[in-house]
Amino acid sequence: MEAFQLLSRGGARFDKQRFKSDVQIFNKAPARDVKGKGVLIPHDAQLPPELDFFKYAKAPTGKRKAEDKESDVHAEGKPERAERKRRKIEDESLDSDDNHIGTEEDIPTMQKHRVTAKGSDVPKPFTSFEDLRERYHVPPLLLSNLSEHSYKHPTGIQAHGIPILLEHRDLAAVSPTGTGKTLAYLMPIMSALGSPISSMKNEGGRGVRAVILAPTRELAHQIHNECLKLAAGRKWRAVLFSKATASTLSDKNVRDKVDIVISTPLRLVASIQEGNLELNNVQHLVLDEADRMLDPEFLSQVQEVIAACTHPNIQKAVFSATLPAGAEKLAMGILRNPIRIIVGLKDTPLPLIAQTLTYVADDASKLPSLLTYLSQPYNPPLLIFTSTQPRTTSLAEELIMNGISNVDCLHAGMTKKERDDAVSRMRRGESWVMVTTEVMARGMDFKGIREVINYDFPTSVQSYVHRIGRTGRAGREGKAVTYFTDEDGPFLKAIANVLLQSGSSVPEWILKLPKPSKMKRKQMGKVKRADTVNAARKIGRNDAIKKRDMIAGSKRRKEKELRETDKNREEEKSDK
DNA sequence: AAAAAAC
């Protein structure tokens with residue numbers, strides 16, 4: 001409390017103890033608004049003893065129902081689509097029986113987590129990390145490192161995925177954000193590397209034995225940290241690949257002593273092409289954020305890495321919270337006799353995240369809305385997503401100029417050092433408001449984040465799911481606010497369905513929006529937009545105006561409002 | 001659909 005009073009006077013540093021132990025803080029005094037700045041002290045959110053992520057799965061609602069309804073409404077003329085959907089759902093529920101995944105007595109976590117497995121000879125999941133010692137001879141040190149970092153009970157993806165990887169099978173794993181996917185692949189890999197009784201023999205060759213690919217440097221860095229935690233007390237060498245380490249590793253003697261390389265794809269490709277790195281002894285390859293890694297821009301790089309991994313007995317695994325059909329197909333092509341594990345519902349955020357959609361009319365109305373939001377109590381640190389680097393920078397500047405404390409900014413246009421510093425400040429709890437791009441959207445695990453704001457509308461369902469997945473991690477609650485403007489109309493419904501699917505509510509009129517067909521979306525753009533505008537005006541407009549009026553305006557803001565009304569007028573004209 | 005990120 002004292003720390004926050006200090007803070008409210010402005011300028012003072014965030015109390016570093018603040019995020020050291022979340023639990024400690026959570027048990028403290030009830031939430032109080034700190035004078036003026038609206039910073040809220042959390043009071044709830046004790047870690048639940050068991051991470052029951054999927055309560056909603058027991059009684060399927062939301063999307064399933066919405067899908068059916070949708071099919072009913074839109075299926076006229078093409079009933080086969082509804083039929084296909086229904087069959088798919090049945091197939092999924094059959095999968096688990098076919099593969100003898102286990103009964104509830106065997107695996108108490110099963111029912112809760114609604115896991116579906118597909119593939120031949122699916123290994124049984126385990127219930128306690130200790131089980132792994134006997135079943136797979138996982139080194140005791142690894143297990144004690146686990147408990148040291150208070151990993152007590154395996155999450156769904158860990159219970160199901162780890163045995164698969166320990167049996168050296170290929171795996172495609174889909175599990176929601178913040179459910180411990182990193183550990184699910186790191187632990188078995190490190191076990192295999194260190195265990196003398198592993199299914200594959202290590203005497204074959206020298207050089208890097210495991211490679212983990214991630215889409216951003218920050219994520220690679222974070223994975224490396226996890227790796228170090230697990231490896232503590234053992235001689236494993238895990239290397240975070242960067243320019244610096246790449247040149248060190250060009251020395252073959254050094255290289256041969258490295259077990260695990262964690263890297264972004266292009267960095268690795270560069271080293272391979274320079275002849276400074278050989279991957280012919282790689283026996284474990286993981287694509288983290290797999291769907292992202294299989295995006296067209298990354299795909300060729302990833303393929304090059306895969307091609308360089310010539311070891312015949314290589315195990316490959318892909319992990320993500322989202323896996324669109326296209327990416328899944330690609331992944332399945334890369335994997336050999338794979339098992340596919342899906343925890344929860346695909347492409348769905350956790351119900352722990354309370355999501356809202358907020359109408360803000362147009363771009364110019366966003367800043368006033370955000371400032372209003374920040375003038376009320378909120379839970380720091382706050383993560384704000386924008387669509388471009390320049391917008392990230394300028395929004396951060398605006399916030400600072402409007403007197404918001406401890407604003408930070410992070411995008412890939414910044415130098416490595418700037419990026420590293422921003423992440424450290426975030427980890428230390430010194431940032432209250434972090435404005436960022438997609439670079440932070442995936443994988444990043446900041447335990448303190450309880451609120452995410454999509455200042456700019458996400459460009460895909462996947463992006464949405466990952467962005468808001470920065471909160472609500474490891475069983476904690478989270479909050480996500482998404483601004484939408486008239487222009488976002490065509491994509492609104494898709495996101496709205498995601499909200500529904502994960503147990504958040506959506507205004508009726510959004511659900512009634514017609515679903516724009518792919519082909520017609522372009523030409524219909526105008527019409528759709530008009531629909532949205534009208535519907536939005538009825539419900540959201542007044543709120544938006546009220547909000548704007550509530551803000552005592554600085555000159556800057558008044559200018560903004562003027563510009564905004566001008567724009568509105570122009571748009572109204574052009575609509576006609 | 002479209003930007004970001006990767007070196």
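Protein chains get the first letters and strands the later ones, always in sequence-line order, with residue 1 at the start of each.
We find that A/Lys366 and A/Asp456 are joined by a salt bridge, their nearest charged nitrogen and carboxylate oxygen being less than 4.0 Å apart.
Listed nucleotides B/dA5, B/dC7, B/dA3 differ in distance to A/Thr388; the shortest reach to its side chain belongs to B/dA3. Proximity note for A/Thr216 (side chain, C-beta onward) versus B/dA6, B/dA4, B/dC7: the nearest is B/dA6.
Rounding to the nearest 0.5 angstrom, the gap separating the OG1 atom in A/Thr482 from the CZ atom in A/Arg467 is 8.0 Å.
Remark: the A/Glu297 side chain and the B/dA4 base include a donor-acceptor N/O pair separated by less than 3.5 Å. A donor-acceptor contact under 3.5 Å links the side chain of A/Arg292 to the base of B/dA5.
Between B/dC7 and A/Thr264, a contact under 4.0 Å exists linking OP1 or OP2 to a side-chain N or O. Remark: A/Ser460 is not in phosphate contact with B/dA2, judged by side-chain N or O atoms under 4.0 Å from OP1 or OP2.
Remark: C1' of B/dA6 and CE of A/Met414 are 17 Å apart, rounded to the nearest angstrom. Atom CD in A/Glu438 sits roughly 7 Å away from atom C1' in B/dA4 (whole-Å rounding). In this structure, NE2 of A/His466 is placed 16 Å from C1' of B/dA3, rounded to the nearest angstrom.
A centroid separation of less than 6.0 Å is found between the aromatic rings of A/Phe319 and A/Tyr185.
Listed for the A/Lys346 side chain is a donor-acceptor partner under 3.5 Å among the backbone atoms of A/Leu323.
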